[in-house]
Amino acid sequence: MVERTGNPEHGDYSVTLPLKLAKVLRRAPVQIANELAPLIELDESFAAISVAAPGFINLRLKPVWLQAQVEPIAAAGPEWGRSELGKGMRTQVEYVSSNPTGPLLFSHGRGAVVGDVVARILEASGYSVQREYYLNDMGRQIRLLGESILARMRGESPPEGGYSGDYVTEIADEAKRQGVAADANLLADFGIKAVMAGITRDLDRLRIRHDNWFSESSLYQGLSEETLQALRAKGRVAEKDGAVWFVTGSDKDEVLIRRDGYPTYFASDIFYHRDKLEKRGFERVVDVWGADHQGQVGRLKQALEVLGMDPSRLLVLLVQLVSVKRGGEVVRMSRRAGVGISLEEMLDEVGPDAVRYFFLLRSADAHMEFDVDLAKRQSNDNPVYYAQYAHARLANVLSFGSAASGEPVYSRLDSEWELELIRVMVRWPDIVREAADALEPHRLAFYTDELAAAIHRFYKNCRIVSDDAALTAARLQLARAAKTTLTNAFGLMGVTAPDRM
RNA sequence: GCCCCCGUAGCUCAGUGGACCAGAGCGGUUGCCUUCUAAGCAAUAGGUCGCAGGUUCGAAUCCUGCCGGGGGCGCCA
């Protein structure tokens with residue numbers, strides 16, 4: 001009903017209620033608007049109210065109100081933009097969860113950043129967040145990992161469907177050095193530890209952490225049988241062809257326990273999510289998955305519903321695939337295709353700030369092309385530097401003007417550039433709230449870009465430190481408030497805010 | 001065949017719970033450093049918003065049907 005206007009000429013906010021009422025009341029929207037407008041009680045923040053065709057009521061903020069926001073924003077510091085809207089709701093965000101059978105690929109990095117920033121946004125919005133990594137530490141893939149290492153130690157070729165990357169050789173060499181017995185099970189354990197050490201090192205460089213590593217094998221200490229029993233009691237389990245099936249009710253049932261005795265990932269997913277939602281009692285669970293797992297969402301939610309859980313408590317964010325453009329050549333990344341650029345390699349090449357910022361510059365459900373050449377360019381065409389440079393400029397001028405004394409007179413901040421900067425700043429809490437509601441981290445990057453642009457224009461057009469003490473003090477406070485806002489935005493994105501560049 | 005995502009400027013993408021000239025970045029052209037960082041600012045060119053219907057006072061946005069790209073539909077993960 002109340003929306004922000006897209007065009008400054010229409011004020012700051014607009015009310016579209018008359019347009020919506022028009023149909024119900026069967027009257028012209030302009031007429032309704034004209035009657036409604038005088039009834040709106042304006043507090044001192046708004047200067048003007050006007051009716052515009054075909055029936056908008058537009059509201060304009062008073063400059064004096066905008067000017068009065070500067071000092072509180074500067075004073076709020078890290079708190080500016082945070083809220084308690086989540087009311088401490090126990091929320092889990094699960095992300096990365098890559099199998100410990102090989103190093104992270106660059107495409108995993110996207111899900112890692114999306115999950116991490118979702119967690120940061122929710123924390124800033126008053127949710128109680130746990131960050132979890134689901135560790136697939138059992139099953140066929142793990143057995144293959146052990147066998148692959150063993151084969152490498154013996155100089156044999158890996159088993160069918162096994163792993164053959166250089167890291168397998170490295171692990172095999174290290175296992176030999178440490179005198180690990182040539183046993184597939186022991187080597188699998190050894191391999192998991194070695195691979196996870198690499199994964200956590202990469203994540204650490206990307207500034208991504210988890211609170212909990214949840215082991216898949218721990219699900220099979222009681223909970224699995226209990227859950228199977230519960231499904232059986234609902235009449236949703238059948239046995240045929242030597243396997244155990246989940247009866248979906250449609251024409252296609254799903255295997256839970258394979259003929260060889262291994263549970264399928266579907267089974268583990270059911271057990272795991274029951275553990276999250278019931279045993280551990282998270283009110284809401286956010287899973288960040290690759291888009292290639294889309295097919296699992298429906299059946300998992302169905303199973304949870306059969307077990308009596310409200311499936312809407314589980315939110316699955318599907319992150320689309322990434323391709324990498326480098327030197328004019330596009331490399332499409334796919335987990336399955338096995339071709340991929342490692343995350344480590346990209347961190348070496350472009351650094352964590354650019355990797356994070358670029359991932360956040362795209363909505364998660366859009367395929368993205370990562371332009372390596374652009375990301376590593378140390379120049380003005382690089383959006384990361386554009387935003388960081390705005391921060392560095394403010395830091396510099398604040399240091400330059402640190403000796404200035406004088407009482408700020410905020411009414412002096414009356415140029416279009418100053419007022420525009422304040423308008424952008426005061427939106428920040430809304431941006432955080434909207435990003436949290438929609439679970440859309442990319443909104444932060446777009447906002448940051450807009451804020452940086454307003455800062456650069458302000459800096460360019462308003463000489464901050466001058467002979468005019470009152471104006472200087474006011475502009476320095478504005479610079480402080482802008483720097484606070486930008487710092488907080490970078491903080492939620494996990495991007496550094498440099499004081500010098 | 002069915003399901004999900006995408007199709008908007010030369011390129012990469014926002015906007016898609018309706019309305020305010022259709023936006024940003026990169027790339028193109030052109031101006032601006034005696035003064036707190038030019039990694040900046042300013043101007044300019046460039047688009048049948050995939051196609052066709054429909055709903056509406058109004059559609060890039062909602063509905064239907066097509067077309068194109070990607071992903072999924074396994075006792076793989």
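Labels below follow one simple rule: chain letters A, B, ... track the order of the sequence lines, proteins then strands, and each chain is numbered from 1. None of the values given here were measured: they were computed from a predicted structure.
Less than 6.0 angstrom separates the ring centroid of A/Tyr95 from the ring centroid of A/His210. In this structure, the ring of A/Phe214 has its center less than 6.0 angstrom from the ring center of A/Tyr272.
Here the separation of B/U29 from B/A9, taken at their C1' atoms, is 16 Å to the nearest Å. The C1' atoms of B/G65 and B/U55 are separated by 15 Å, rounded to the nearest whole Å.
The phosphate of B/G15 (OP1 or OP2) has no side-chain N or O of A/Arg443 nearer than 4.0 angstrom.
Heavy atoms of A/Asn461 sit nowhere under 4.0 angstrom from any nucleic acid atom. In this structure, A/Ala243 reaches the bases: a heavy-atom distance under 4.0 Å links it to at least one base atom across the strands shown. Within 4.0 Å of A/Asp499, counting heavy atoms only, lies at least one base atom of the nucleic acid. Heavy atoms of A/Phe370 sit nowhere under 4.0 angstrom from any nucleic acid atom. Heavy atoms of A/Arg362 sit under 4.0 angstrom from at least one base atom.
At whole-Å resolution of the value, OH in A/Tyr386 and P in B/C26 are 9 Å apart. One interatomic measurement links the two molecules: CZ of A/Arg140 to C1' of B/C76, which rounds to 6 Å at whole-angstrom precision. For A/Ile455 and B/A39, the CD1 to P distance is 17 Å, given to the nearest whole Å.
With its glycosidic angle within 90° of 0, B/C33 adopts the syn conformation.
Annotated stems with RNA chain B as a participant read B:1-7 with B:67-73, B:10-13 with B:23-26, B:28-32 with B:40-44, B:50-54 with B:62-66, given as range with range, by first number; only runs of 3 or more Watson-Crick or G-U pairs under 3.5 Å qualify.
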